[in-house]
Amino acid sequence: MIGIETLDEFIIRRQSDFPYAQGELSRLLRDIGLAAKVVNREVNKAGLVDILGSTGTTNVQGEEVKKLDVFANLRFIGALKLGGQSCGVASEENKSFVTFDDEISKNAKYVVSLDPLDGSSNIDVNVSVGTTFSIYRTVSPSGTCSIEDFLQRGSEQAAAGYVIYGSSTMLVYTTGKGVNGFTLDPSIGEFCLSHPNMQIPKNGKTYSINQGYFIGFPDGVKEYIRYCKEDDKATNRPYSLRYIGSMVADIHRNLITGGIFIYPTTRGSPKGKLRLLYECNPMAYIVEQAGGRATDGFNRILDLEVTELHQRTPIFIGSEEMVLNAEGFMREYSSRVPKRGK
Ligand code: AHG
Ligand code: MN
Ligand code: MN
C-alpha cells in the first residue's frame, strides 16, 4: 500500500533501533498484533455471537468474569504460546502466571503481563474496551520462568502497549523510543501507522475520575476536583469531566487531547483499584514516553516496587502539568505521604 506502513513493516524497519536484537521482540509484538485482530473480530460481532454477558464466575480479583474476558484471555495466551517468543504470561484473569514449557518457548527471552480485556463493564453496552500489555526481558536463568521475571519495576519494561477496540481499533505501543499508534484497516486486515510519534499535550482541559466515590477520596483529590470545577478562564477552567469506565479509552483520549486520569484510593479500594503490573505500568510507560507523567500521587509509577502479581496502586496519569498540579494538592492536603517504591 503506497504511503501506508503496516505494523509488521514498521516493527521490522525499527528493529535497527536495537543493534543486538535478533527479532524476538519484533515477533512477540507481531504475535500480540495478531491476537488483537482476532479479539477485535469478536468485539465487533458482539451481540451477534454468544460473546456478551457474564460467565457466571468471578476471577482472582473477585470480579465478575465476562465471556469476552475469557475469550480474549485465551486468544492472547494462545498467540503468545504459539509465537514461542515468551516463556510465560501473567494475566488479570489468571491467579498465577502461566509458563510455556515447550522446547522453543522455555528458552525465550521475554515474559508478558496483560489485561486481556480492560473495561469489562462496558462490553454489553457497546462502549470502547481495550487490552493492555507489558513485555519484560526474563531475569531468571534461561530455560526457567519464575515469579521474579514478572515482579520487575515498570522502569524495566522492554515494551508496553494497548489495544483500544473503539469506533476504530488501534494498537499503540512503545519500546522506549517514542510512542506510535496503528489503526486497523479491516479491508486489508492490517494495523497501519496512523499516529506516528504520539506526544501528549503538556496541559489539558479534561479530568477523568469516578466522582461517585467522592466521599472516600483523599482530601488532596477532593480539593483538586474543586479546583477543576472553579470558574477561571485564564486557566481554561472549569475543566470537562469525561469518564468512560475503560481506563484504556480514558487514557487514550487524554493522550491525544490532553487531560488527567485519576483512580485514587477509595473506601472500596483502599490501595487503589487498578493493577500495577498490567494496567498502570504499561500505561505509565507509554504516557511517559509520549512526554506525560504517571505517579501514585507521590511516587513515579515506574519506580514502584512490584511485590505481587495483582498488586493495586492509586494512579494519577496524563498531561505533565496537570499531574504535577494534582500532586501539589496531594502533598498540601495529605499529612501522611506513603513512602513506596524504595
Ligand atoms: P477491568 O475491566 O479489566 O477490570 O478494568 C476496569 C477498570 C478500568 O478499566 C476502569 O478505569 C476502572 O476499572 C473503572 O472502575 P470503576 O467502575 O470503579 O470506576
Ligand atoms: Mn482492566
Ligand atoms: Mn480486565
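Side chains are part of it too, since the values below use all heavy atoms of this structure and drop only hydrogens, waters and symmetry mates. Counting starts at 1 for both ligands and their atoms, in listed order.
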Gly245 near ligand 1, heavy-atom distance under 4.0 Å? yes
Any non-hydrogen side-chain atom of Ser86 less than 4.5 Å from a side-chain atom of Phe100? yes
Less than 4.5 Å apart, any side-chain heavy atom of Leu241 and any of Tyr207? yes
Before you tell me yes or no, could you show the steps for Leu29 and Ile135 under side chain to side chain contact (heavy atoms under 4.5 Å, CB included), namely the whole-Å CA-CA distance, both residues' side-chain angles and the distance that decides it to 0.1 Å? CA-CA 9 Å; Leu29 287 165; Ile135 298 173; 3.9 Å; yes
What is the closest protein heavy atom to atom 1 (P) of ligand 1, and at what distance does it sit? Gly119 N, 3.6 Å
Taking atom CZ as the centre, does Arg242 end up with more than 12 heavy-atom neighbours from other residues, nucleotides or ligands that are less than 6.0 angstrom away? no
Which N/O/S atom belongs to Glu279 and is the closest one to the Mn ion (ligand 2)? OE2
What protein N, O or S atoms come within a distance below 2.8 Å of the Mn ion (ligand 3), ordered by chain and number? Glu92 OE1, Asp115 OD1, Leu117 O
Protein heavy atom at shortest distance from atom 5 (O) of ligand 1: Asp118 OD1, 3.1 Å
For atom 15 (O) of ligand 1, grab the closest protein heavy atom and report residue, atom and distance to one decimal in Å. Lys273 NZ, 2.9 Å
Taking Val39's backbone N and O only, do any of them form a donor-acceptor pair with Glu42's side chain (distance below 3.5 Å, no angle check)? no
Should you measure from each heavy atom of Leu117, which atoms of ligand 1 turn up under 4.0 Å away? 2 (O), 3 (O)
May I ask which of Phe261, Tyr243, Tyr278, Tyr263 has a heavy atom nearer to atom 18 (O) of ligand 1 than the others do? Tyr263
Closest by any non-hydrogen atom to atom 4 (O) of ligand 1: pick that one out of Met247, Arg275, Glu279. Arg275
Taking Tyr285 as the starting point, is it possible to reach Val306 by hopping between hydrophobic residues whose side chains are less than 4.5 Å apart? no
Going through the checks in order, is the salt bridge (charged side-chain N to carboxylate O under 4.0 Å, His left out) test met by Arg293 and Glu320? CA-CA 5 Å; Arg293 183 177 174 85; Glu320 185 179 34; 5.4 Å; no
Can you report which non-hydrogen protein atom sits closest to atom 7 (C) of ligand 1, along with the distance? Leu274 CD2, 3.7 Å
Please say whether Glu92 places an N or O atom under 3.5 Å from an N or O atom belonging to ligand 1. yes
Dump the intermediate steps for salt bridge (charged side-chain N to carboxylate O under 4.0 Å, His left out) on Asp231 and Lys229, then the final yes or no. CA-CA 7 Å; Asp231 225 345; Lys229 296 196 236 182; over 6 Å; no
